[in-house]
Amino acid sequence: MEIDLADLGFWRRPLKERHEAFARLRDLDKPVFFEEKRVPLLRSGKGFYALVRHTDVVEASRNAKVFSSEPGVTSPEPPGWVKHVFGESMVNMDDPRHARLRRIVSRAFSPKMLGNLQGDIDAACARIVDDVTASGPGDFVGQVAAKLPIHVICDMMGVPDDVRARVHQHVDVSTAYSGVRPSLAHTVRMAAQNTLALLALQRLVIDLGKERARTPRNDLVSALVTANVDGERLTDRELGSFFTLLLVAGNETARNTMAHGIKLLTDNPEQRRLLAGDFDAHIGGAIEEMVRYVSPIMQFRRTVTEDYDLRGLRLKAGDKVVLFYGSANRDETVFPDADRFDITRDTKPHVGFGGPGPHFCLGANLARQEIKAMFRELFTRLPEIRSVGEPELLVSNFDNSVRSQAFAF
């Protein structure tokens, strides 16, 4: 089987074939270089080395000085005009700029803040399951997995109820753009839709921020636009970039894990029985194993800042590498029998929330909290809930997203 991770056609292949391809790449002595095609105005085409082993992904993640997140972490790398339109996202920055922004927004994810959210998360889960029992089963993504994360994020930020449907619609448009497109015309059309959706989300929260700066409330937007004890706050543009990052990254991780998770628990009835038999004892391990097995975000890119030796490969300053989290999470040297779903597995080294280092997912504990609360509500009130048939997956080289999953109970 020919392997070309830069060819969007590779990402249309069946999941089993892709896992086999990554296993072959992990067996090689050195990371492989893949050429990229250039699409004018839309993306650059320098090419990259694929980091597919767990040890390589961890090494690059820890060494942010050499493996830089600037100018961009998505693959293909976005063109330069993107940051001038949307501002710079925190994930595309290195220290000290990254450290400053992370320090400001980390107040949203403190243990105290997450503890205060628990009641709202539980209530949201109860309402979602109320709606499911009233309407009957259909699509698990639309009825369950996609609802909770955006609801929680909007609650945190203080987004008014009357605009939340628009937020949900804009997020769906922006995440659909990460999928594989069949033609240049389709790519250009989706790029335009994506741009308008992200701009609309930024304008919404910037307007909200100006209102909260005048009349603060007990919400995250108010906290981010008013100075803390050190005089630090987010500018309008920084607030807009953070909101879109939170909606896309924060939504997709929890949503994808829940959507894949119901399928995994259905296909592995012995693991489901184990979880149902003692939910509190096993849900923590189950969530980590779901994240490892699924790898909701499949890859991030880094730019090499200085000459560096990596496993016998001499990288040069300016070279690009791509960290394939999904491959690292199937590395048999770290996870024996890696293709087996096992909620009792020791998953502490998994990189499903990113590798260790300054860019480890800030919202990992919030995602865990949401997934735990939702599965507790589902298993308590709908103990026979199960997936039906195969999921419809987004064809993407970045986002391991489930577009729809039929279910029953």
Side-chain angles (χ1 to χ4, degrees), residues 86-87 89-91 101 104-110 112-128 130-131 141-177 193-226 228 233-256 258 361-363 365-367 369-371 373-374:
F86 300 112
S89 175
M90 187 169 67
V91 296
L101 286 180
I104 295 173
V105 302
S106 64
R107 68 186 77 168
F109 304 101
S110 68
K112 180 180 179 181
M113 178 68 78
L114 295 183
N116 292 339
L117 280 175
Q118 188 62 58
D120 291 339
I121 293 173
D122 291 341
C125 291
R127 287 195 298 272
I128 289 169
D130 286 343
D131 292 342
V141 176
Q143 291 177 262
V144 180
K147 282 192 172 182
L148 180 62
I150 290 182
H151 178 92
V152 172
I153 291 167
C154 286
D155 271 357
M156 288 175 63
M157 298 292 285
V159 175
D161 290 341
D162 59 349
V163 299
R164 293 190 181 191
R166 277 192 287 147
V167 170
H168 200 143
Q169 180 182 10
H170 291 321
V171 170
D172 282 346
V173 171
S174 64
T175 55
Y177 180 63
Q193 293 171 347
N194 172 261
T195 300
L196 293 174
L198 292 177
L199 287 174
L201 288 170
Q202 291 200 357
R203 174 46 54 192
L204 184 152
V205 78
I206 287 171
D207 289 345
L208 184 62
K210 290 178 178 178
E211 178 188 324
R212 294 294 193 267
R214 294 190 298 267
T215 312
R217 298 185 187 179
N218 186 28
D219 57 43
L220 183 56
V221 169
S222 298
L224 294 177
V225 299
T226 55
N228 63 12
R233 67 178 186 86
L234 295 187
T235 65
D236 287 350
R237 199 159 193 181
E238 289 169 345
L239 178 65
S241 294
F242 171 67
F243 185 50
T244 54
L245 172 63
L246 186 59
L247 280 170
V248 174
N251 169 59
E252 289 302 293
T253 299
R255 166 180 168 162
N256 292 345
M258 285 187 283
C361 179
L362 192 59
N365 284 333
L366 176 60
Q369 195 171 347
E370 292 171 357
I371 298 164
M374 181 53 76

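In this structure, CZ on Phe243 lies 8.0 Å from CD1 on Ile153, to the nearest 0.5 angstrom. For the atom pair CD of Glu370 and CG of Asn365, the computed distance is 11.5 Å after rounding to the nearest 0.5 Å. Within the model, atoms OG1 of Thr244 and CD of Gln202 stand 4.5 Å from one another, a figure rounded to the nearest 0.5 Å. From Leu366, atom CG reaches atom CD1 of Ile121 across 5.5 Å, with rounding to the nearest 0.5 Å. One finds the CD atom of Glu211 at 14.0 Å from the CD1 atom of Ile206 (value rounded to the nearest 0.5 Å). Separating the CE atom in Met90 from the CD atom in Glu238 is a distance of 10.5 Å, to the nearest 0.5 Å.
Counting heavy atoms from C-beta on, the side chains of Val225 and Leu208 never come closer than 4.5 Å. A 4.5 Å side-chain heavy-atom check between Leu246 and Val105 finds every atom pair outside the cut-off. At a threshold of 4.5 Å between non-hydrogen side-chain atoms, the residues Val144 and Met374 count as touching. Considering only heavy atoms from C-beta on, Asp120 stays 4.5 Å or farther from Val152 through its side chain. A 4.5 Å side-chain heavy-atom check between Leu101 and Leu234 finds at least one atom pair inside the cut-off. Looking at Met156 and Leu114, their side chains never come closer than 4.5 Å, going by heavy atoms from C-beta outward. Using a 4.5 Å cut-off on side-chain heavy atoms (C-beta onward), Phe242 and Leu220 make contact. With a 4.5 Å cut-off on side-chain heavy atoms, Lys147 and Asp131 count as touching.
Pairing each heavy atom of Leu239 with each of Gly209, the nearest pair is CD2-CA, 3.9 Å. Between Ser241 and Ser89 the shortest heavy-atom distance is CB-CA, 4.3 Å.
Salt-bridge check for Asp161 with Arg164: passed, with a basic side-chain N closer than 4.0 Å to an acidic carboxylate O.
Not one N or O on the side chain of Thr215 forms a donor-acceptor pair closer than 3.5 Å with the backbone of Arg212. Between the side chain of Ser110 and the main chain of Ser106, no donor-acceptor pair closer than 3.5 Å is present. Remark: the backbone N or O of Asn218 is not paired with any side-chain donor or acceptor of Ser222 at under 3.5 angstrom.
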Legend entry - Asp122 vs Gln118, side-chain hydrogen bond (donor to acceptor under 3.5 Å, both in side chains): CA-CA, chis, key distance, verdict: CA-CA 6 Å; Asp122 291 341; Gln118 188 62 58; 2.9 Å; yes
